[in-house]
2 protein chains.
Amino acid sequence: MSRRTRSDKSVQGIPEATIARLPLYLRALYALADRDTVSVSSEELAAAAGVNSAKLRKDLSHLGSYGTRGVGYDVDYLIYQVSRELGLTQDWPVIIIGAGNLGRALANYGGFATRGFRVAAMIDSDPQVIGTAIAGHRVFGADEIERVVARYGVMIGAITVPAVAAQGICDRLVAAGVTSILNFAPVVLTVPEGVDVRKVDLSIELQILAFHAQRRSAVKAPVQHENGSVKSLGPAAIINGLPLELGSLASEGASADNSGGTVRP
Amino acid sequence: MSRRTRSDKSVQGIPEATIARLPLYLRALYALADRDTVSVSSEELAAAAGVNSAKLRKDLSHLGSYGTRGVGYDVDYLIYQVSRELGLTQDWPVIIIGAGNLGRALANYGGFATRGFRVAAMIDSDPQVIGTAIAGHRVFGADEIERVVARYGVMIGAITVPAVAAQGICDRLVAAGVTSILNFAPVVLTVPEGVDVRKVDLSIELQILAFHAQRRSAVKAPVQHENGSVKSLGPAAIINGLPLELGSLASEGASADNSGGTVRP
DNA sequence: ACGACTTTGTGCAAACGTTCACAAGGGCGT
DNA sequence: ACGCCCTTGTGAACGTTTGCACAAAGTCGT
């Protein structure tokens, strides 16, 4: 039954939500493999990945029947299957546009090159940076984008440039043949059909956190005595009823205005 | 009628999916305000934020009735309402743990301090870095975490340390009273109930892109002639029928087997 | 003052995602 | 060889999210 049924379920139909979790499972599997674990149950793997075991089983079932009832999953075999499904059995050359802090962080990111990805080149517009090497990768000028993409068959581009420059860079990448873009700039990129854009947006995540934090403190001390886990908290934690209006930071004129000059409440 | 109906719908029930989009709308609104746009329709705003207009209207309706039928939404007023809902009308001091490239990127991130957030302090373990200033923020040693959190009433922490150190830092933050954590380390953090963790994971995003890229090239030239938007592509784009098996990268027998030695079909 | 026009806000149904709960199936001890 | 025990894989129930389509409600021109 488990033959490479290229038609059964994998035809075209793996849910987005499942795909988004596969990398998580993969990471947990690698961690297990590092500890020489040979086999793992859905319960254990789910715990390691931070999800519910039923969900994990259903997710994996979309790839095929790679487990053994009564036993669990063979770690190495599952790593292979998940990797293959994600397309990580081949190497993806990636071009990073923008050699600022974010671009450097990306280039240095260990788990990056780990499996499946490799930095083909970095691009920057600063003459001072062009020609230097970052994390072992040569930095080219923006005019080299097309050449680098063609030369290395780059299909994935990471944009870590300021917001105003992002759309322009995106257009050039797409024109050069890049069909997958990872966008770190805080703008909505417009791309032609067939191009895939994912965004990583720090401020959005912060804002979501702020919402929940506000919600939490607004409910005003619902006195969370309920699970003894509280003991794991240090003494300082209890003073948090957060009486402080965070006015203390003071000294800095910084906060209020900063270059951007956009505001208007 | 649009009074702060603290009871109507906002009682407690704004869907997660909606909350995740509010920051997007907020950004689009600020962009409009910068161009001195006074009023905007759901259609326009939705386009600017890259979503469907029905969705946008439904999302906004969760906050209250802040639009005017036949006209649209007042930009400034909506900015205020969305900001208030997200809790951005107050300043959130954030502590950044890890002054590596990612931590620096975060500290320098313009849109960061923009509205609602301020870097209370940065923390690092490298003696060479401690005591210096990054983007105007003093870097403290790890032993100062508790003091900084208590002093500034920090409720949000951003973890940008290596994976192995992340859980330890997380525990200390939680013990110190931090209840919202933005985790950049590629690990699943375990926290007590009541603490909110969001993760930003570069490699997961890349892997999702790889999946779609693979899918795209696997379908082998389904000849996407269909929308004239192709003309927006440069010449190089057309050579993309992707004849390249990215074999140029060559050496590797690629497709069939790869190092992983894991296999066993 | 009124009617034509525009755009919001929402009921409803379909699509999608999650969770439960259990039958199917495989290993292991006797 | 057999039956018990364990864990997978999945049908079905439930919850959430999306998108349509339209009534409600406002503006603007005449």
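Worth saying up front: this structure is predicted, and the values here are computed from it rather than measured.
- Taken to the nearest 0.5 Å, the CZ atom of A:R198 stands 11.5 Å off from the CZ atom of A:F184.
- Distances shorter than 4.0 Å separate none of the side-chain N or O atoms of B:Y73 from OP1 or OP2 on D:dG26.
- One atom, OH of A:Y66, and another, C1' of D:dT8, lie 15 Å apart when rounded to the nearest Å.
- Take the nearest nucleotide of DNA chain D for B:A54 and for A:V40: the residue whose nucleotide is more 5' is A:V40.
- Note that CG of A:L26 is 6.5 Å distant from CD1 of A:I79, once rounded to the nearest 0.5 Å.
- The CZ-P distance, from A:R57 to D:dG11, rounds to 14 Å in whole Å.
- Closest to the side chain of B:T68, out of D:dT8, C:dT10, D:dT27, is D:dT27.
- Distance A:D59 CG to D:dT8 P: 14 Å, rounded to the nearest Å.
- When the P atom of C:dA21 is taken as reference, atom CG of A:N52 falls 12 Å away, rounded to whole Å.
- Remark: the B:S203 side chain and the B:D201 side chain contain an N/O donor-acceptor pair separated by less than 3.5 Å.
- Atom-to-atom, NZ of A:K55 to C1' of C:dG17 comes out at 8 Å; the value is rounded to the nearest Å.
- Contact annotation: side chain of B:K58 to base of D:dG19, donor-acceptor pair present below 3.5 Å.
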Run the side chain to side chain donor-acceptor pair (under 3.5 Å) check on B:S42 and B:R57 step by step: do they pass? CA-CA 6 Å; B:S42 63; B:R57 287 200 299 279; 3.0 Å; yes
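- The CG-P distance, from B:L60 to C:dT7, rounds to 16 Å in whole Å.
- Nucleotide D:dT10 holds its P atom 14 Å from the CG atom of A:L56, rounded to whole Å.
- No hydrogens or angles were tested; on distance alone, nothing pairs the side chain of A:R69 with the base of D:dT7 as donor and acceptor under 3.5 Å.
- Distances shorter than 4.0 Å separate some side-chain N or O of A:S42 from OP1 or OP2 on D:dT8.
- Ring-centre distance between A:Y77 and A:Y66: below the 6.0 Å cut-off.
- Nucleotide D:dG9 holds its P atom 14 Å from the CD atom of A:E43, rounded to whole Å.
- Across the interface with DNA chain C, nearest-nucleotide mapping of A:A17 and A:V71 shows A:A17 to be the residue nearer the 5′ end.
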